[in-house]
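Structure first, commentary second.
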Amino acid sequence: MSRMQTYKHWRLETDSDQVLWLFFDKQNESVNTMDREVMEELSDITDTLINSTEYKGVIIASAKKNGFIAGADISQFTQFTDIDEAVHLLKSGQHIYDKIENLKIPTVAMIDGFCLGGGMELVLACRYRVVEDGAKTRLGLPEVKLGIHPGWGGSVRMPRLLGALQGLNMVLSGHTISGKAAAKIGLADVAVPKRHLIKAAKSYVLEKQKPHEATWFQNLTNTKPMRTVLAHFLRKKLRSKINPLHYPSPFHALDNWEQVGVHGEAPMDKEARSCGKLFFSDTCQNLVRVFFLQERLKGQAKETRFNLQHVHVIGAGTMGGDIAAWCALQGLNVTLQDREAKFIAPAIKRAYQLFKEKLKEPYLVQRAMDRLTPDVMGYGVPKADIIIEAIYEDLAAKQALFKSLEGQAKPQAILATNTSSIPLDDINSVLQTPERLVGIHYFNPVAKMQLVEVVKGNRTDPLVVEKAISFVRKIDRLPLQVKSSPGFLVNRILMPYLLEAVNMLDEGIPPATIDKAMVDFGMPMGPVALADAVGLDVCLSVAKYLGKYFNTKIPTRLSQLVEKGKLGRKTGEGFYQYKKGKQIKPTEAASEKSLDEIADRLVLRMLDESFACLREGVVADGDLLDAGMIFGTGFAPFRGGPIHYARSKGINDLFQQYIKQRQQRGEKIESIQNWELTEAF
């Protein structure tokens with residue numbers, strides 16, 4: 001290939017067939033993202049091609065090992081001074097992509113790995129899309145997850161290419177799809193193995209194949225009469241999943257499509273103006289904040305060297321079995337130990353289902369199964385780089401196990417416990433090298449919960465903590481370092497919130513009303529339904545444990561239900577009744593308390609415990625606490641986390657409200673100092 005004019009972020013090369021290769025290689029970054037400078041260079045390159053007869057076509061590819069394009073540079077979102085500036089940037093991007101779409105020569109996007117957001121909008125402007133068919137290739141428009149919608153033509157070109165039903169589903173949901181799925185629905189022209197990518201991309205240039213076009217029915221779905229009908233249906237479907245007051249961006253995108261469709265200049269103009277306004281919404285500001293909180297968690301222990309090859313998990317119950325399966329899914333060799341093979345078999349069966357769901361391809365499923373080995377005798381212990389204990393919550397049992405492991409494990413191997421409650425310094429008191437023990441606390445279900453608490457005891461070696469954090473990142477989870485204290489962070493804050501909800505039940509407030517109040521606040525489910533899902537026996541056990549340290553009063557109704565064996569969803573009855581695992585809709589009952597009053601009381605209880613955790617140094621700062629509660633409990637992301645929410649509402653005002661509530665119920669105020677110190681965080 002011959003090289004051409006040089007750019008900072010783009011590399012241009014011409015091959016022997018007169019095909020121009022445009023490689024995106026953002027300077028000093030490991031991942032390609034689109035920003036002003038990148039777009040300006042792309043615009044300049046495109047201008048040189050408008051009237052060029054030198055090339056048979058252009059192939060856009062990534063020069064990075066990690067993916068195609070991750071989307072727009074999110075840091076730009078915080079730099080806009082006003083709506084007009086945001087709209088101007090969006091229209092500039094639309095104009096650049098319009099120029100690419102209108103080039104006379106064929107344009108091919110050769111996609112290997114993730115292609116998201118602004119990157120997806122770029123390839124939609126190309127004539128052809130050739131994708132790699134492996135598991136790491138994902139295509140989508142996830143902008144709604146940041147409180148906006150596509151702004152560089154994506155919300156127009158996607159339904160124009162695929163029709164309203166499939167196209168708007170991509171826009172409104174923010175979901176990503178595989179390369180094979182993209183080829184199946186016409187988003188990609190072809191999906192091929194990596195070794196055939198270059199040949200396939202060049203064939204579309206040299207053979208000038210017919211590009212994908214929407215079918216007559218897909219075109220029909222974008223006509224005015226159909227837009228009116230479909231918009232009503234799609235809006236109803238959206239409302240069943242999300243509240244437009246909390247997450248307005250999908251509704252804006254749908255409104256735009258219904259009003260002006262996908263043809264002409266009006267749809268692009270409306271998209272840019274709508275998206276520009278959304279940048280300044282509270283939802284967008286908070287979701288961008290959450291994005292950077294997530295990046296902070298992802299960025300930990302990058303310099304830590306930990307050559308991790310083998311994981312050994314002891315305890316094949318729900319947690320241990322699922323931890324082992326997740327580690328194997330992420331490419332690690334795993335041995336899973338329990339007392340007898342019959343205890344391991346259910347975990348292997350669940351692992352197989354997980355692999356089928358995530359990997360799809362039979363040969364990939366088999367590879368993952370080959371990495372997961374049942375190990376009744378514990379042969380994996382001396383080979384393991386990290387040993388994770390996930391047995392029942394009993395101090396003596398854990399002490400005996402780790403005392404045995406200490407002599408069998410490699411000297412440099414990490415000893416980790418998945419305990420959800422027992423302080424590390426109690427467990428490690430029997431060890432000759434207590435500094436080796438660290439907590440790695442997962443949440444259930446393991447395959448869905450992103451957060452993992454990395455627990456540091458007073459004796460834990462800081463390097464061991466760093467290696468544990470590195471391990472959590474290797475398995476694609478978000479590590480949060482917490483101090484070894486009762487309940488750590490998430491359970492410590494969550495349990496008083498759940499118990500407050502049970503107290504409200506005892507006061508006669510209907511469970512469905514309590515749950516609706518918190519769902520309306522933005523929680524993924526209400527506290528009563530959550531308690532039933534967790535298991536009332538588990539809630540009671542954790543409450544009793546925390547009660548030893550914090551004088552927690554156990555609600556009578558919780559104890560009574562557990563005594564009767566009514567443990568929640570798993571037994572068919574708890575606070576609610578269930579049939580085949582699904583909640584039976586309770587009889588509606590009136591409540592004297594408004595939904596806002598109920599939500600305020602529960603949120604303030606959560607805030608009180610959050611402030612206590614900050615004061616005690618359970619986590620390093622308020623941002624990390626917010627990250628923990630969002631990724632560990634689903635605390636309403638659009639509100640930015642408990643501490644951010646408190647600051648936005650005014651901590652002193654909330655404190656006065658909390659005091660008033662407690663006094664009205666005749667309760668003692670014992671935690672004023674928690675709130676007084678919060679402003680420092």
Side-chain angles (χ1 to χ4, degrees), residues 315 317-323 346-347 350 390-394 418-421 441-449 451 487-488 490-521 523-547 552-589 591 598-599 601-602 605-606 609 629 632-635:
T318 299
M319 291 303 295
D322 291 357
I323 291 168
R350 292 197 310 275
I391 66 172
Y392 55 99
E393 289 288 271
D394 180 83
N418 182 53
T419 181
S420 60
S421 58
H441 179 223
Y442 296 80
F443 296 91
N444 191 30
V446 173
K448 292 183 178 180
M449 299 301 290
L451 191 79
F488 309 138
V490 172
N491 286 339
R492 165 80 181 273
I493 296 175
L494 191 61
M495 191 49 57
Y497 162 74
L498 295 182
L499 295 180
E500 190 74 11
V502 179
N503 287 331
M504 296 170 85
L505 291 174
D506 289 342
E507 295 168 17
I509 303 175
T513 304
I514 295 171
D515 282 345
K516 178 171 172 48
M518 291 314 297
V519 170
D520 286 356
F521 177 81
M523 302 297 278
M525 68 168 64
V528 183
L530 179 58
D532 267 2
V534 170
L536 302 190
D537 54 335
V538 175
C539 291
L540 181 60
S541 175
V542 175
K544 285 181 176 178
Y545 171 77
L546 292 177
T552 304
K553 184 180 179 181
I554 309 298
T556 303
R557 188 169 179 182
L558 177 61
S559 300
Q560 289 174 340
L561 286 172
V562 173
E563 287 174 8
K564 294 176 182 178
K566 298 179 178 181
L567 309 181
R569 185 184 298 167
K570 60 188 176 184
T571 60
E573 185 175 357
F575 293 117
Y576 293 107
Q577 291 183 328
Y578 300 85
K579 186 175 182 179
K580 295 181 179 180
K582 292 187 177 181
Q583 185 188 120
I584 299 173
K585 189 175 181 180
T587 304
E588 292 188 15
S591 171
I598 294 168
R601 176 173 166 182
L602 289 167
R605 184 66 187 90
M606 186 183 290
E609 207 64 37
M629 294 306 292
T633 71
F635 183 93

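Predicted model only: the values in this text are computed from it and were never measured.
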Original post:
Which is it for Leu536 and Lys566 under the side chain to side chain contact (heavy atoms under 4.5 Å, CB included) test, yes or no, and what are the steps along the way?
Top reply: CA-CA 8 Å; Leu536 302 190; Lys566 298 179 178 181; 5.7 Å; no
**OP:** Before giving the answer on side chain to side chain contact (heavy atoms under 4.5 Å, CB included), spell out for Tyr576 and Asp515 the whole-Å C-alpha distance, their side-chain angles and the decisive distance to 0.1 Å.
**Re:** CA-CA 11 Å; Tyr576 293 107; Asp515 282 345; 2.6 Å; yes
Subject >> Worked verdict on Met495 versus Leu498 for side chain to side chain contact (heavy atoms under 4.5 Å, CB included) >> reply: CA-CA 5 Å; Met495 191 49 57; Leu498 295 182; 4.3 Å; yes
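Rounded to the nearest 0.5 Å, atoms CD (Glu393) and OG (Ser541) are 7.5 Å apart. Here the straight-line distance linking atom CG of Leu561 with atom NZ of Lys564 works out to 6.5 Å at 0.5 Å rounding. Atoms CD and CG, on Glu563 and Leu558 in that order, are 10.0 Å from each other to the nearest 0.5 Å. Going from atom CE of Met629 over to atom OH of Tyr497 covers 9.0 Å, rounded to the nearest 0.5 Å. Here the CD1-CD1 distance, from Ile514 to Ile509, works out to 5.5 Å after rounding to the nearest 0.5 Å. Atom CD1 of Ile598 is separated from atom CE of Met504 by 5.0 Å, given to the nearest 0.5 angstrom.
Nearest heavy-atom pair across Arg569 and Ala533 is NH2-CB, 3.9 Å. When every heavy atom of Phe575 is checked against every heavy atom of Ala531, the shortest pair comes out as CE1-CB, 4.2 Å.
For the residue pair Asn491/Tyr545, the side-chain donor-acceptor check at 3.5 Å is not satisfied. Judged by distance alone, the side chains of Tyr578 and Asp532 do bring a donor and an acceptor atom under 3.5 Å apart.
The shortest distance between side-chain heavy atoms of Arg601 and Asn503 falls below 4.5 Å. Between Phe635 and Ile493, the closest side-chain pair of non-hydrogen atoms is not below 4.5 Å. Counting only heavy atoms from C-beta outward, the side chains of Pro555 and Leu499 approach each other to under 4.5 Å. At a threshold of 4.5 Å between non-hydrogen side-chain atoms, the residues Leu530 and Thr633 do not count as touching.
For Lys570, the NZ atom sits in a packed shell: over 12 heavy atoms of surrounding residues, nucleotides or ligands are nearer than 6.0 Å.
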